[in-house]
Amino acid sequence: MSTAILTGPPVPGSVLGADLTALGFTVTVAGSPTALGAVLAGLPPGERVALVDPRFTGHRHSLRLALTDPRFAAAAVPGALTVTGAARGALGAALERTSAQVPATTGGAATDAAQDVLVDTLAERLTEAGCPVHRPELGPLTAAVPRTDAERTAAEAAVAATDEEAVRLRSAVKSRDGFFTTHFVSPYSRYLARWCARRGLTPNQVTTASLFTALIAAGCAATGTRGGFVAAGALLLLSFVLDCTDGQLARYALKYSTLGAWLDATFDRAKEYAYYAGLALGAARGGEDVWALALAAMILQTCRHIVDFSFNEANAATTGGGSGSASSPAAALSGRLDTIGWTVWARRMIVLPIGERWALIAVLTALTTPRITLIVLLAAGGFAACYTTAGRLLRSRRRATGGEAAARALAGLTDNGPLAEALARPSLPGSTGALTAPLWAGLGTAALLGILLLPGVAGSWAALGAAALYALCAGRATAAPLTRPLDWLLPPLFRAGEYGAVLVLAARSDSDGALPAAFGLLAAVAYHHYDTVYRLRGGAGAPPRALVRAAGGHEGRTLLVVAAAAAFTGTTTFTLALAVLAGALALLVPAESIRFWISSAAPAVHDETGEPA
C-alpha cells in the first residue's frame, strides 16, 4: 500500500487526486507542515509515501516516473517527492528542520511562502543529508507547480499539447539497442508490452513465456526434420520478441523486481544454450555429431560476455561503466565515428548482439543444417570477439587503474578456488608489473590447452602436469591486487582455459556421450559465472567464498576433470564422472543463487543502457 499526502487543500477542478488514485495511492490532505509531520508519523514505517504539492500540474506519467519506480528509495519531480524504506527517516528529519523555518500558519493552512518551497525544499534537504534523490528524465512531459493563473494556463496547455501515451511507449524502448532489435522488433513489441500491461500481465510472466517458447524451439530443432527446423527458427524469433517485450513492459509499467532481475539475467543464456543443445540433438538424428561445435559456440559466447563484463567492471570507477577514456585514441576515433550515422549501426551489428545473433541462428536453422548454422555462428562470433577485444585492449593502454572496487570485482570474476588461493599467498619479487598478471594467466591457459592438444596427451596422466601448471599460474596471476590496466583480461583467460580444457578432453575421449555430458557441465559452470556477473552489476558483491570454494574454483574443477579423463580413459565412466560433476554443480550453485535473488538483499538489476548482450 502507498499513501500520497497533499501538502495543502486541493485546487478546485484539479485531476491530481484522480491521477494519484489511478497510480495506486491512497490520497490524504495535510493542511500545514505541522499536520504533515503528524500524518507522516502515523503511517506504517515500511509504506511508500509521496508528498505532492496540491497545485501540481503535469502528466500522470510524470508522477508515475517519480512516485512509483521501485528501484529508488527516494525520487522527485517538481512538486512531487516519494520516499520508502530507510529514506522515510531521512524525510522525517528533513521535515523537522524545514518546519522550524516555515512562517506561521493561519487557519491551519500554510502560508503561500511555505507552500512555494515545501516539497522541493524537502527533496533538496534529503540530497544534502546524503540520501540520493532520483530525478527521472521527463523529456517532453510536464511537471510544474504554477504560482499564478497565467502559469497554470500555460502548464495545462503544455500538458494538452503532448501525447503522453506516445511518450510512454517510446520510453519503454531502450535508448540504445542493436539494429535488428531497433528496426525489426521494437516498432511493434512496444505495443505488445502495452497490451500485456492493460491485461495485468507482469514482466516475469512474459519472461517465463519467452523461456518456454525457446525451449519448445529447441525441442523442434531436436526433431531433426526440416519442418522441425523451420518451426524452431520461427519460435526462436518469437521468443526474442517476448524477450524484448518483458523489458519494455517493465519500463512501460515501472514493474521492476528482484525476481525479475534474476530471471532476466539468466534466462537469455539458458534459452540460447538450450537451443544449441537442440541443434546438436537434431543433427544426431540425421547421423551427424555436432556436439563439439555446440559446445564451442557456448564457450565462445560465454567468453565474449566475460570480456565485456570484466572490462566494464574494471573501469567503472574511472569511466562510468567502461565506455572508454576520453584521452584514449580509440575512444576519440569512436566518438568521431558516432557522428556518422551508418557507422553507428555497422559497429553495433559487427559485435553480433543478441538480436542479430538470434536472427542469424533462426534463419540458418530454417534454411540449412545444424552443422552449417553452428559453423557460421562460430565464424561470426569469432570475428565479433576479435573486434571487441581489440577495441578494449586499445582503450586500456592509457587508462588509469580502477581502484579497490575494481580489484574486488575482478577478484570475484576470476573465480579462484582454494588451490589458487593457496598458491597466491607467497609473494614473489616483481609481481606488480603492469603485464605480470595477464602474462601469468595467458601462460597458464596457453600451456594447458597446448599440452592437451598434443597427440596422446589428453586423457593421460601427463595432462595432470599441465593442469597443475595452470593452477600455479592462476595463483601467481592473482598474487597482487588486480588494479592494473590489463588485469581485466584474467577472467576471460581463465574461462578460456577451463572451458577449453573440458572441450578438448571430451572431444578426444573414447567415452560415449562425453561431449553431451561436458555440455551439461559447462552449462552449470557458466550459470555460476553469469550469476557472479549480475551480482556484481547490482552492487551486491561476488557470491560467498564458501560457495566458490565448494564449487572448486576454475582451477580445481579443471584439475578434477583432467584427473577423471586420465583415470577413466577408454571407458564410459568418464562420461558418468562429467555428468555427476555437472549434477553436483547444478544442485549447489542454483540453490544458493535462488536463495540470494529472492532475498531482500538482492538488487533490482535491469539493463537500461541498451548495451546488447
Side-chain angles (χ1 to χ4, degrees), residues 265 302-325 388-389 391-393 395-425 427 431-445 470-499 525-526 528-545 547-549 551 553-558 603 605 611:
T302 304
C303 289
R304 283 188 58 203
H305 282 144
I306 202 64
V307 165
D308 294 339
F309 295 141
S310 183
F311 178 82
N312 289 335
E313 286 294 338
N315 298 286
T318 55
T319 67
S323 60
S325 171
T388 54
T389 304
R392 280 152 175 71
L393 286 170
R395 290 176 181 232
S396 298
R397 290 174 57 195
R398 300 184 181 183
R399 187 183 299 278
T401 61
E404 293 183 3
R408 287 193 299 269
L410 288 180
L413 289 173
T414 56
D415 192 35
N416 276 358
L419 183 56
E421 281 183 337
L423 292 170
R425 288 172 188 165
S427 179
S431 63
T432 58
L435 295 176
T436 300
L439 286 177
W440 275 113
L443 172 63
T445 297
Y470 174 74
L472 173 63
C473 290
R476 298 315 314 149
T478 53
L482 303 180
T483 58
R484 292 149 296 193
L486 294 177
D487 283 356
W488 60 269
L489 286 167
L490 267 63
L493 285 170
F494 290 152
R495 295 301 86 79
E498 178 185 3
Y499 293 12
V525 175
H528 169 53
H529 291 144
Y530 280 111
D531 183 55
T532 301
V533 163
Y534 283 100
R535 292 195 198 209
L536 290 169
R537 288 179 65 176
R545 286 303 303 167
L547 174 69
V548 176
R549 293 189 182 103
H554 67 96
E555 83 291 350
R557 290 187 298 269
T558 301
V605 182
E611 290 292 344

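The figures that follow rest on heavy atoms only: side chains count, while hydrogens, waters and symmetry mates do not. Given the structure is predicted, the values throughout are model-derived calculations rather than measurements.
For the residue pair Pro544 and Arg535, the shortest heavy atom distance occurs at CD-NH1, 3.8 Å. Nearest approach of Leu486 to Ser396, heavy atoms of both residues: CD2-CB, 3.7 Å. Of all heavy-atom pairs spanning Ala441 and Ala477, the tightest one is N-CB, 4.0 Å. In plain terms, the two heavy atoms of Leu419 and Ala471 that are nearest each other are CD2-CB, 3.6 Å. Minimum heavy-atom separation, Gly412 to Ala542: CA-CB, 3.8 Å. When all heavy atoms are compared, the tightest approach of Gly475 to Ala424 is O-CB, 3.2 Å.
Using a 4.5 Å cut-off on side-chain heavy atoms (C-beta onward), Leu413 and Glu313 make contact. Two residues are said to be in side-chain contact when any heavy atoms from C-beta on lie closer than 4.5 Å; Phe494 and Asp415 fail this criterion. Counting heavy atoms from C-beta outward, Ile306 and Trp488 have side chains that stay 4.5 Å or more apart. Between Leu410 and Thr483, the closest side-chain pair of non-hydrogen atoms is not below 4.5 Å. Residues Arg392 and Leu489 are not in side-chain contact: their nearest non-hydrogen atoms beyond the backbone lie 4.5 Å or more apart. Under the 4.5 Å side-chain criterion, counting only non-hydrogen atoms from C-beta, Pro492 is not in contact with Phe311. Side chains of Leu443 and Arg476 form no contact here, defined as non-hydrogen atoms less than 4.5 Å apart. Side-chain atoms of Thr478 and Leu490, non-hydrogen and from C-beta on, do get closer than 4.5 Å to each other.
For Arg304, there are no salt bridge (Lys or Arg N to Asp or Glu O under 4.0 Å) partners, not counting sequence neighbours.
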Exercise for the section: Check the pair Arg484, Thr436 against side chain to side chain contact (heavy atoms under 4.5 Å, CB included), reporting the backbone distance first and the verdict last. Expected result: CA-CA 9 Å; Arg484 292 149 296 193; Thr436 300; 4.2 Å; yes
Problem - Val548 and Thr532: CA distance, side-chain angles, deciding distance, side chain to side chain contact (heavy atoms under 4.5 Å, CB included) verdict - result: CA-CA 10 Å; Val548 176; Thr532 301; over 6 Å; no
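No donor-acceptor pair under 3.5 Å is formed between the side chain of Thr445 and the backbone N or O of Gly442.
Taking the six-membered ring where tryptophan is involved, the planes of Tyr530 and Phe309 are perpendicular, since the angle between them exceeds 60° and thus also 30°.
To the nearest 0.5 Å, atoms CG (Leu393) and CZ (Arg395) are separated by 12.0 Å. Between the NE2 atom in His554 and the NE2 atom in His528 there is a gap of 10.0 Å [rounded to 0.5 Å]. Rounded to the nearest 0.5 Å, atoms CD (Glu498) and CG (Leu493) are 13.5 Å apart.
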